[in-house]
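Below is one structure; the comments refer to it alone.
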Amino acid sequence: MKTQVCIVGGGPSGLLLSQLLQRNGVDTVVLERQTRDYVLSRIRAGVLEQGFTRLLREAGCGERMDREGEVHHGFHIAHQGRMDRIDLTALTGGKSVMVYGQTELTRDLYEARDRLGGQVEHSAADVALHDLTSTKPYVTYKRGEQTLRVDCDYVVGADGYHGVSRKSIPSEVLQEYERVYPFGWLGVLSRTRPVSSELIYANHERGFALCSLRSQILSRYYVQVPLSDSVEQWSDDAFWDELKRRLPAEIAANLITGPSIEKSIAPLRSYIAEPMRYGRLLLAGDSAHIVPPTGARGLNSAGSDVYYLFAGLVDFYRKGSAAGLESYSQNALARNWKAQRFSWWMTSLLHRFPDNSPYQNKLQLTELEYLFGSTAAQQALAENYVGLPY
Ligand code: FAS
Ligand code: PHB
């Protein structure tokens with residue numbers, strides 16, 4: 001096969017980029033290791049910033065999101081027995097976020113690729129990248145016993161943290177930065193009415209909790225658990241009881257529980273790799289960076305990577321200018337490091353760190369006191385949560 005841009009990974013990053021490029025006359029092939037059903041079975045992000053929703057609309061994939069998604073103007077932080085609200089819209093001069101599940105937007109992207117006749121190769125095994133420092137890179141992959149080859153101008157690695165793309169950059173070139181947290185998030189999806197119309201992030205001495213949602217009949221809840229926990233240890237009843245312990249009494253009393261339709265533990269890590277470009281390989285999304293989900297930055301950071309890549313590749317093919325691609329790594333890293341900072345700050349603010357000293361625990365509670373005593377501090381939180389400019 002010959003194409004202009006070969007994209008490894010058919011998650012939201014790879015699909016959104018291929019859709020935007022094809023709508024602007026750039027030919028792509030997407031190689032996805034899993035089946036479409038498997039990709040759509042994963043429950044992940046839930047909050048989209050305006051930059052991401054704009055990109056989805058530009059890709060012709062915003063219609064169901066605008067119909068079924070919920071625009072949120074604020075969220076709550078429960079701490080020390082009280083609940084305070086972050087008024088995102090008032091603090092950011094009118095901005096808001098969209099609550100619409102990653103699973104749904106990925107489904108919308110797949111259906112849009114189908115309508116446009118986009119080429120997405122599923123069950124592409126043993127993907128390997130070749131000649132990345134030449135002007136004629138290529139990608140091979142297996143379908144059954146057959147080895148196929150895709151010749152292209154550029155390879156985009158949108159294959160997530162465990163993908164092959166980042167690992168194709170020589171170790172002497174790649175600089176990795178990482179912070180692993182001593183806990184994970186146990187998440188439950190349930191067909192129940194959400195306990196609150198807006199998200200509630202809870203700092204509790206037993207650990208962090210989050211009340212989120214996908215719709216008015218689909219709730220998403222999380223509790224912080226030790227890394228040593230396994231999902232088998234957590235019955236639904238044990239989860240609901242623990243969640244209630246970590247919420248203000250009046251909220252816990254209104255919690256509607258029900259059977260979990262998905263239950264999983266996600267480890268938390270902060271990770272970023274530099275550079276995000278090596279020769280004709282460009283990394284996007286989780287292949288280059290991971291954040292703890294506390295700040296809802298994960299999928300949204302993938303969005304700005306896709307935006308920069310889309311603009312740079314269209315300029316390359318339409319105007320013959322590689323400037324956007326030359327500056328891609330620098331621009332994407334500048335915004336991603338700010339997402340790393342905010343995600344680390346929100347995680348440090350809201351989680352119980354087992355090795356914290358009493359002094360550090362008091363400092364954390366003081367940080368919350370200061371936050372809700374200072375409009376400037378709340379503005380700083382809000383501008384990051386709704387998304388810094390691209
Ligand atoms: P993805 O990992 O989504 O997609 C990469 C794709 O590449 C996958 O489909 C994979 O099958 C494929 N692939 C991997 N290796 C390959 C290979 N060698 N060849 C071909 N294909 C290959 N973010 C939030 O904002 N909020 C959350 O609550 C949240 N929860 C999360 C929970 C979990 C368990 C995880 C892992 C992430 C979570 N995230 C969350 C972050 C998540 O939403 C990511 O930011 C988002 O999936 C990034 O999308 P992609 O970059 O497309 O990577
Ligand atoms: C979610 O709904 O899955 C969600 C929302 C906000 C976060 C993390 C996860 O910060």
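What you see is a predicted model; the values in this text were computed from it and never measured.
Taking each heavy atom of Leu325 and Arg277 in turn, the nearest pair found is O-NH1, 3.3 Å. Thr106 and Pro12 get closest at one heavy-atom pair: OG1-CD, 4.0 Å. Between His122 and Thr35, the shortest heavy-atom distance links the atoms ND1-C, 3.6 Å. When all heavy atoms of Ile251 and Val195 are compared, the pair lying nearest together is O-CG2, 3.5 Å. Of all heavy-atom pairs spanning Arg193 and Gln216, the tightest one is NH1-OE1, 3.1 Å.
With ring centers used as reference points, Phe316 lies under 6.0 Å from Tyr154.
Without hydrogens or angle criteria, Asp84 side chain to Ile77 main chain gives no donor-acceptor distance under 3.5 Å. Proximity of a side-chain donor or acceptor of Gln175 to a complementary backbone N or O of Pro275 within less than 3.5 Å is not detected. Between the side chain of Arg149 and the backbone N or O of Tyr138 there is no donor-acceptor pair closer than 3.5 Å. In this structure, the side chain of Asp159 engages the main chain of Ser165 through a donor-acceptor pair within 3.5 Å. In this structure a side-chain-to-backbone donor-acceptor pair under 3.5 Å is present from Gln364 to Ser348. When atom types are taken as modelled, the side chain of Ser329 and the backbone of Met276 share a donor-acceptor pair closer than 3.5 angstrom. For Arg246 (side chain) and Gln224 (main-chain N/O), a donor-acceptor pair under 3.5 Å exists by modelled atom type. Glu32 places no side-chain N or O within 3.5 Å of a backbone atom of Ala124 that could act as its donor or acceptor partner. At least one donor-acceptor pair closer than 3.5 Å links the side chain of Arg64 to the backbone N or O of Glu104. Here the side chain of Asp229 pairs no donor or acceptor atom with the backbone of Val225 at under 3.5 angstrom.
Among residue pairs with one or both ends in residues 375-390, those qualifying as side chain to side chain donor-acceptor pair (under 3.5 Å) are Tyr201-Tyr385; sequence neighbours excluded.
Shown are Pro194, Ser212, Cys211, Ser196; of these, the side-chain contact (heavy atoms from CB on, under 4.5 Å) with Ser219 is made only by Pro194. Considering Lys95, Arg335, Arg54 in turn, Arg335 is the only one that fulfils the salt bridge (Lys or Arg N to Asp or Glu O under 4.0 Å) rule with Glu49.
A donor and an acceptor atom, one from each side chain of Tyr100 and Asp108, are located under 3.5 Å apart. Inspection of the Thr140 and His130 side chains reveals an N or O donor paired with an N or O acceptor under 3.5 Å. With no hydrogens or angles considered, a side-chain donor-acceptor pair links Ser260 and Asp236 at under 3.5 Å.
Aromatic ring orientation, Phe372 versus His79: parallel (interplanar angle below 30°, classes split at 30° and 60°). Ring-plane geometry between Phe208 and His351 is classed as parallel, the angle between the planes falling under 30 degrees on a 0 to 90 degree scale with a further cut at 60. Taking the six-membered ring where the residue is Trp, Trp345 and Phe342 present parallel rings, their angle staying beneath 30° rather than reaching 60°.
Atom CD of Gln330 has 12 or fewer neighbouring heavy atoms from other residues, nucleotides or ligands inside a 6.0 Å radius. Annotation for Arg42: atom CZ counts as buried by contact number, over 12 foreign heavy atoms lying within 6.0 Å. Surrounding CD1 of Ile217 are at most 12 heavy atoms belonging to other residues, nucleotides or ligands under 6.0 Å away. Other residues, nucleotides and ligands contribute only 12 or fewer heavy atoms inside 6.0 Å of the OH atom of Tyr38. Heavy-atom neighbours of Glu145 CD from other residues, nucleotides or ligands within 6.0 Å: at or below the threshold of 12.
Not counting sequence neighbours, Trp234 has no partner by the ring-ring contact (aromatic ring centres under 6.0 Å, His included) test.
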For the pair Arg85 and Glu198, evaluate salt bridge (charged side-chain N to carboxylate O under 4.0 Å, His left out) and give the outcome as yes or no after the intermediate values. CA-CA 10 Å; Arg85 183 169 184 264; Glu198 292 183 326; 2.8 Å; yes
Show, in sequence, the C-alpha distance, side-chain angles and deciding distance for Tyr271 and Tyr177, and conclude whether the ring pair (Phe, Tyr, Trp, His ring centres under 6.0 Å) test is met. CA-CA 6 Å; Tyr271 173 88; Tyr177 302 85; 8.8 Å; no
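Rounded to the nearest 0.5 angstrom, Lys362 NZ and Tyr359 OH are separated by 11.5 Å. With values rounded to the nearest 0.5 angstrom, Ser301 atom OG is found 7.0 Å from Asp305 atom CG. Distance check: Ile7 CD1 to Leu15 CG gives 8.5 Å after rounding to the nearest 0.5 Å. Ile200 contributes atom CD1, which lies 12.0 Å from atom CZ of Phe75 (distance to the nearest 0.5 angstrom). Note that CD of Gln146 and CG of Leu148 are 4.5 Å apart. Values are rounded to the nearest 0.5 Å. The line from CG of Leu282 to CG of Leu132 is 10.0 Å long, rounded to the nearest 0.5 Å.
Between Glu121 and Arg143 there is a salt bridge, since at least one side-chain N of the basic residue sits less than 4.0 Å from a carboxylate O of the acidic one. The pair Arg220-Glu262 meets the salt-bridge criterion, since a charged nitrogen lies less than 4.0 angstrom from a carboxylate oxygen. Here Glu176 does not pair with Arg269 in a salt bridge; the nearest charged N to carboxylate O distance is not below 4.0 Å. Look at Glu205 and Arg352 and you find no salt bridge, because none of the NZ, NE, NH1 or NH2 atoms lies under 4.0 Å from a carboxylate O. Salt-bridge check for Arg67 with Glu63: passed, with a basic side-chain N closer than 4.0 Å to an acidic carboxylate O. The pair Asp27-Lys2 does not meet the salt-bridge criterion, since no charged nitrogen lies less than 4.0 angstrom from a carboxylate oxygen.
In the hydrophobic cluster analysis, where Ile, Leu, Val, Met, Phe, Trp and Tyr join through side-chain heavy atoms closer than 4.5 angstrom, Leu109 is grouped apart from Ile43. Criterion: ILVMFWY side-chain heavy atoms under 4.5 Å apart, direct or through other members. Under it, Ile272 and Tyr307 are part of a common hydrophobic cluster.
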